[in-house]
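Numbers here are sequence positions counted from 1.
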Amino acid sequence: MTGSPRLRVLVAKPGLDGHDRGAKIIARALRDAGVEVIYTGLHQTPEMIAEAAIQEDVDAIGALDPSRGAQHPLSRHHALDA
């Protein structure tokens, strides 16, 4: 029996905020739903998140907003060479 390819999602925690409980909860819920999750850890810049997404060939990115501290504009588009 062949199933559809498993969805791959990169979960990232941008900014300097050191709280990642929400990201870990989201990652666990996605895994429990059968999604393959790649978690980048804390203190990611938008550039680091984009690079990880390219390297991991993910289908989607889940980036939790930093609640305090330096905030990086996640809506900024990055020019990426294919």
Exercise: identify the closest heavy-atom pair between [X] and [Y]:
X: Thr40; Y: Ala52; result: CG2-CB, 4.2 Å
X: Ala23; Y: Val11; result: O-CG1, 3.8 Å
X: Glu36; Y: Arg8; result: OE2-NH1, 2.6 Å
X: Val58; Y: Val9; result: CG1-C, 4.3 Å

For this session: Determine yes or no for a side-chain-to-main-chain donor-acceptor pair under 3.5 angstrom, with Glu51 supplying the side chain and Ile49 the backbone.
Result: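 Not at all, since once roles are kept as given, no pair shorter than 3.5 Å links the two residues.
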Mind checking the [atom1]-[atom2] spacing from [X] to [Y]? Nearest 0.5 Å is all I need.
X: Ile26; Y: Asp20; atom1: CD1; atom2: CG; result: 12.5 Å
X: Leu10; Y: Glu56; atom1: CG; atom2: CD; result: 7.0 Å
X: Lys13; Y: Lys24; atom1: NZ; atom2: NZ; result: 11.5 Å

For this session: With sequence neighbours left out, write down each residue that passes side-chain hydrogen bond (donor to acceptor under 3.5 Å, both in side chains) with Arg28, or none if nothing qualifies.
Result: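 With neighbours one apart ignored, the set is empty.
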Exercise. In terms of hydrophobic clustering (I, L, V, M, F, W, Y; side-chain heavy atoms under 4.5 Å; direct or indirect links), are Ile38 and Ile61 co-clustered?
Worked result: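 Yes, one cluster joins them.
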Exercise. Does Val37 belong to the same Ile/Leu/Val/Met/Phe/Trp/Tyr cluster as Met48, with side-chain heavy atoms less than 4.5 Å apart forming each link?
Worked result: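 Each belongs to a different hydrophobic cluster.
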Problem set entry | All side-chain contact (heavy atoms from CB on, under 4.5 Å) counterparts of Ile25, not counting sequence neighbours |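 By the side-chain contact (heavy atoms from CB on, under 4.5 Å) rule, Ile25 matches Arg21.
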